[in-house]
Amino acid sequence: MKIAVIQFPGSNCDQDCLRALTDGLHVPAEYLWHKETSVFGFDAVVLPGGFSYGDYLRCGAIARFSPIVKAIVRAANDGMPVIGICNGFQILCEAGLLPGALIRNQSLHFVCQPVWLRVETDETPFTAKLDKERLLRMPVAHGEGSYFVEPATLAKLQSKRQVVFRYVDESGKSTRESNPNGSMLNIAGICNEARNVVGMMPHPDRAWDRRLGSEDGKLLFESLVGSLESAVTL
Amino acid sequence: MVGALMKVHVIVMPKQSVLDPQGVAVRNALKEVGLDTVESVRVGKFLELEFRTPPSEMKLEEVCRDLLSNPVIEDYTIQYHSTADS
Amino acid sequence: MVGALMKVHVIVMPKQSVLDPQGVAVRNALKEVGLDTVESVRVGKFLELEFRTPPSEMKLEEVCRDLLSNPVIEDYTIQYHSTADS
Amino acid sequence: MVTQLTPEVVRDHGLSEMEYERIRAILGRDPNFTELGVFSVMWSEHCSYKNTRLELRKFPTTGPKILVQAGEENAGVVDIGGGWAVAFKMESHNHPSAVEPFQGAATGVGGIIRDIFTMGARPVLLLDSLRFGPIQGNTAAVKKNRRLFAGVVAGISHYGNCVGIPTIGGEVYFDESYEGNPLVNVFCLGILRHEQIARGAAKGVGNPVFYVGSETGRDGLAGAAFASRDLTEESKEDRPAVQVGDPFKGKLLLEACLELLASGCVAGIQDMGAAGLTCSTCETASRGGTGVQIDLALVPQREPGMTAYEILLSESQERMLIIVQRGQEAKVKEVFEKWDLPYALVGEVTDDGMMRVLNHRRMEVEIPAAKLADDAPVYEREAIGCQAAPELRIEDVPMVDLQTSLVQLLAHPTIASKNWVFRQYDHTVRAGTVVPPGSDAAVFYVREADKYLAATTDCNSLYCKLDPREGARIAVAEAARNLVCSGATPLAVTDNLNFGNPYRPENFWQLRESVEGLAEACRRFGTPVTGGNVSLYNQNPTGAIDPTPTVGMVGIIDEERWITRQHFRDEADVIYLIGPVGREMGASQYLAIVHGRKECLPPRLSYDLELGVQAVVLDLIQRGLVKSAHDCSEGGLGVALAECCISGERRIGALARFGHWPYRLDQILFNESQSRVIISVRPEDAGATEAVCAAAEIPFGRLGEVGGSDLVVCTEQQTLRWDVAQLHQAWYFSIERAMESGFEF
Ligand SMILES: Nc1ncnc2c1ncn2[C@@H]1O[C@H](COP(=O)(O)OP(=O)(O)O)[C@@H](O)[C@H]1O
Ligand SMILES: [Mg+2]
C-alpha cells in the first residue's frame, strides 16, 4: 500500500500530510510532483493545503489545469480514494470532482482556530471507521472556505448523504456561532456521488499528535488505511 | 515600444444568487463616509489582457468559462478593444 | 423593487510600474491552456455601485481616491451609466 | 544621460558635503551619477547604521551557545543541542507600512524570512510586534489608525500564511504617539544543522555569480533612503518606495534556495533586501575579502529601458544573489527550472576587491567593495537627557470605582485579547504549535530536531518614554519572565530599536539610554544579542514616537512535561503570587487608561529579585508542581488574575485574599511592580511549593484558590467581585468591536 501526497508549487501542508501518514500512522506515503502525469503505483491520493500556484485568480483555479490533477481526475473516476484538505478541497471543486465552490469567508478575514466537526456519514473510505454523529476536534485555517452551491445541488447533496462533516459546537449542535466561515448549512466537508472523493476545509493533518491538542485527525487516515486493506483482501 | 496590441477586457462578477460580503462591506463604508444614497455594491474582477495576435472568440469564451471565471459563482463579460491605448 | 437606479462602475487597477503577481500568474496560466499569443495580463477590481440619487462627482472622486483605491499602488477610473440595466 | 553632480543632486541623495569628500577620497576621483546612488544607499542609516554603530557595539554578542555572532552575517545562529541550531532576527518595516499598510507589512515579512533562509535555516515560526494610534472612537484620525491596523494585520497574514510559516505570537499596543507612524516589527526563527550554516561571502576567485528570483522592476527605488528620513505628508508621494510582494514567489524561492544549499554547491548566498543588488554584491565581496564583477544586461528585468542606476537601486522583492562553486552551474539550472524561477549567471568573483558593475559591457560602477560596505562614516550624535520623571504621589490619584476600572483596563485594546489579530494568522501550519498565541509565550515543537522552543516579543514603551534605561531593562526582564512562565530557559535575544530622528539630541539620548539598558540586562540574564534592526526617523508631524526598543527572546524547553500555560485549570487549585505584592503605580496602564496620565517614574527592576523569582518559578515547573503560570505586566495583579481566569478555553473563577493591607486597594490591583508571577498548584502540592519558595528566600504569598464563576479580590476592609463571563466579554471582543465600528477591507 502506498499513498501519494501531491506537491504543487505553493503547497505548504504537504509535509504535515506526509508526516501524519508516515510518523503518525507509519504507513508508506510519498510526495508526488505536480508535473507528474500519472498516479500509477499509488492506492490513494491526498491533496494538501496551501496556496497552489499562489491561489491567484481563485483558489485552486490554476492548479486544476496541472498535469497531476488531470491524472487524479482519471484515477478518481476509476474509484481511487482521494481526499482534498483545505486548498485540496478547493482544487477538487475547481476540477469538477466535487460540486459547489469555496468562496471568501463571510468575515472577509482569514480564520485560524480550532473547530468541532460532526461526522455526517461513515460511508466514505475516510470515515468508514468513525461512528456517525461522532464529534472531532481539529483546526481550520483558510480565507476562502465558505461552501456555496446552488439550491438544487444542495438538496441533492443532502438526499444522497454527500455531506461528510458539519461545523458544530462542542455539544454537537450546528449553530451559527460554530460556523467559522459562513458555509451553507455549516458544511465543512463533502464527498462525490461515488463516495471515493472527499473534500474538507479543516485540517486532520494538524491533529494527529497529542502535543497539537488533538489526535482526531488520525482517525480519518486510519479509516483510509482500513478501507484500502479490506479492499486489497477481497 | 509595444506594437499595436489587441486589448481585451474581461469582467468577472459574483452571481446575483451568491452573497458578496465584500460588496456589503464596501457599501457600508461608503455610507460611513457620507455617500448615503448608495443602494448596493458588488465587487468583481477586472482583467486586462493584451494579445499580439487576436485569439479566436471561441477560444476566448472557453478560457473565460473554464479558467477566468467559475460558473458556479460567477458571470463574465468580454469587451474587445482594437488597440493598446485605452 | 429597484426603481431607475443610477449605476456607476469603478475600475481599480495596479499602476503600470507596480508588480502585479496575479496578472503574471494568470498570463502564464493562459499560455498553459493554449492562449499563447497573450502578451500581458493585469488584474484589478471592478466595483458596481448603484445609487438611488446620483452622488456629486467630487465626492465620488474623493471616495475612489481615499477609500476604494490606494493612490500609491493603484489607479482608478469611473464610468457613469444612466440606468440600472447594464 | 549624464547627470551633473551639483550640490543639489548630492544633497537629494542624503549625502553631506563631508561624506561626498570621503567618497572622492575613496575613488580618487568624482563619482558618476550611478556610483553616487550606490554610495547613497549603502551609506544611508538603514544600511550603514552610521548614527548607531557605536551604540550597537555595547551589546553582549558572545556566549558558549553562539555559533554566528551579531553583525557577522544576516542573522545570528545559536546552538540548541543535538547538532541543531536556530537562526533568528527581527526586522522593521515601519515607513512602508505607514504609506501602504498591506504591502508594507507583507514585504516586511518576506524580507525577514529571506534573512533567515539566507543563513541556510528553514524558517519555522514568526512573531509580530505592532504599534498603532488609538482605534476606539470615530474621529478621522482613529479611522485612519483602524485602517492602518487592519491593513498591516491583513498584510502579515497574507504573506506569512501563504509561505506556510506559522505566526505564533507577538504584541500590539495602541498609543497616540504612533499615530501616522505605526511600528511593524516582524521576528522570524529558522532551524538548521550546525554544518548547514551558509555564509554571505563571495568566496573563490573565478566562481560564478548567479541572480535568482523575481525579475527586477522599478519598485522600491531607494527604499533604504526612504527609511532614513522623517515621515511627512509628502511621504505619500514617495510612491516608488513601496514594493509589492509576491508570497508565492517567496515560497518557491525559499524551497529552491534550501534545496540548492543542501546540494553543497553554494559558496556564498545573500538576499537582496534594502539596496537590492548593490548591497548584496558589495557585501558578499567585502565579507569574502574578494571582488565581484557583474553585468546588469544579464539581470532578468520586468520593465524595458531600465538604467543601471535603477537596476542597482531597485528593491524588487523575492531576489537572491548566489555564488556557486565553479563547475556546479548545472545544479542551479536544475533546481531553479524545477521551481519555475528565473535565474541568470550575471558575473563572477574577482581577486582585486573591487565591485565592478557593467551594463552591456560598459563600465558603470567601479568601487572598492570593502570601503563601500564598511567604511561608511560613523557619527557620535549629540545626546541631551530630559530630567527624570517624578515619583507618583498616590494622594494625587483620585479614588475611583475599582469595580469598573478592571473592566475598563481589560477592554482597552492594548490589554484586551488579541484574538482578532492572531486568528487571521495561520498559527497551526507545520503541525508544531504546542502553545498557540494567547499565553505568555508561544511554544513550538521542532519535529526534525525533537526540541521545544518558546518565543516572545516585549516592550513597554510607556516605561521607555518616562525612563528609557529602566524601560529597556524591563523589556528584557519581561521577555525572560514570559519564557520562564511557559517552562523555558532563555537562550538569546534579537532587538528592534524604533526611535525618532537621531539628529534631535533628546531622541538620541533615548536611544543611547535604551541600548545601555538592554545591553546591561542581556548580560545579567545571560542572553546575548544575536542581531536586530534599527529604525530611526519614526516621527509624525507632532513629534517622535515613544522610544520602542522591542525585545524578541527565544528559550528552550528540554522536556514536554515542563510546558506551562497561563490560565487557571481546575477547581480548588491553590493560587500563589511569586514575588512581592508591590506598590509602584508610576507609568502604569491604570494611571494612563483610567486616570489619563502617561506620567511619573516607571517601576524599578531589581535583577537579584527578578532572577530569583524566575529561578524559583522554573524550579517549581521542573519539579512538576505548577499547573499554570502567568506573569504580571500591563495592568498589574488585577489584570493578570483576570487573564488567568478568562484566557483558557474554559473560563473559571478565583478567590484572592490580601488579608490586612495598609494601603489603597487600587495599589494592590493595578501597581506594575516587576518580578511577579501568578502560579496555581494542586492542593496536595501546596506544602511542597511553599517549601521550595521559602528555601529560595524569595517573597511569595498564598493568594487563594481557583473556582466558582466569579473573580473575587478581598482585603480585611473590602471585597470586590466580578463575573468572569462579563470580564471575558469585555476583554475578548474589545478589538473586534472597535474594528467593526469603522471600515476596512
Ligand atoms: N500581533 C500579534 N500576533 C500574534 N499574537 C499576538 C499578537 N499580539 C499579542 N499576541 C498574543 O497574545 C498574547 C498576549 O499578548 P501580550 O498581552 O503582549 O502578552 P504579555 O503581556 O504576556 O507579553 C500572547 O500570547 C501574544 O503572543
Ligand atoms: Mg506576560
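Just so it is clear: chains get the letters A, B, ... in the order the sequence lines come, proteins before strands, and each one is counted from 1.
Interface remark: B/Asp66 contributes no atoms to any contact with chain C (heavy atom separation under 4.5 Å). Proximity to chain C is limited to the side chain of B/Ile11, based on heavy atoms less than 4.5 angstrom apart. Only the side chain of B/Lys59 comes within contact range of chain C, with heavy atoms under 4.5 Å apart. Of the atoms belonging to C/Val63, it is side-chain heavy atoms, and not backbone ones, that fall under 4.5 Å from chain B. Residue B/Leu67 touches chain C through its side chain alone, counting heavy-atom pairs closer than 4.5 Å.
Of the residues considered (B/Leu30, B/Thr77, B/Leu68, B/Val10), B/Leu30 shows the highest number of contacts with chain C, using heavy-atom pairs under 4.5 Å. With chain B as the partner, the residue from C/Pro54, C/Ala29, C/Gly44 showing the most heavy-atom pairs under 4.5 Å is C/Gly44. In terms of heavy-atom pairs under 4.5 angstrom with chain C, the leader among B/Leu49, B/Val12, B/Val8 is B/Leu49.
Checking side-chain atoms of C/Arg27 against main-chain N and O of C/Arg42 turns up no donor-acceptor pair under 3.5 Å. Side chain of C/Thr37 to main chain of B/Thr53: a donor-acceptor pair is present (N/O by atom type, distance under 3.5 Å, no hydrogens or angles). In terms of modelled atom types and a separation under 3.5 Å, the side chain of C/Glu74 and the main chain of C/Asn70 share a donor-acceptor contact. No donor-acceptor pair under 3.5 Å is formed between the side chain of C/Lys7 and the backbone N or O of C/Glu48.
Ring geometry for C/His81 versus C/His9: interplanar angle of 30 to 60°, hence tilted.
Of all heavy-atom pairs between B/Lys31 and B/Asp36, the closest is NZ-O, 3.1 Å.
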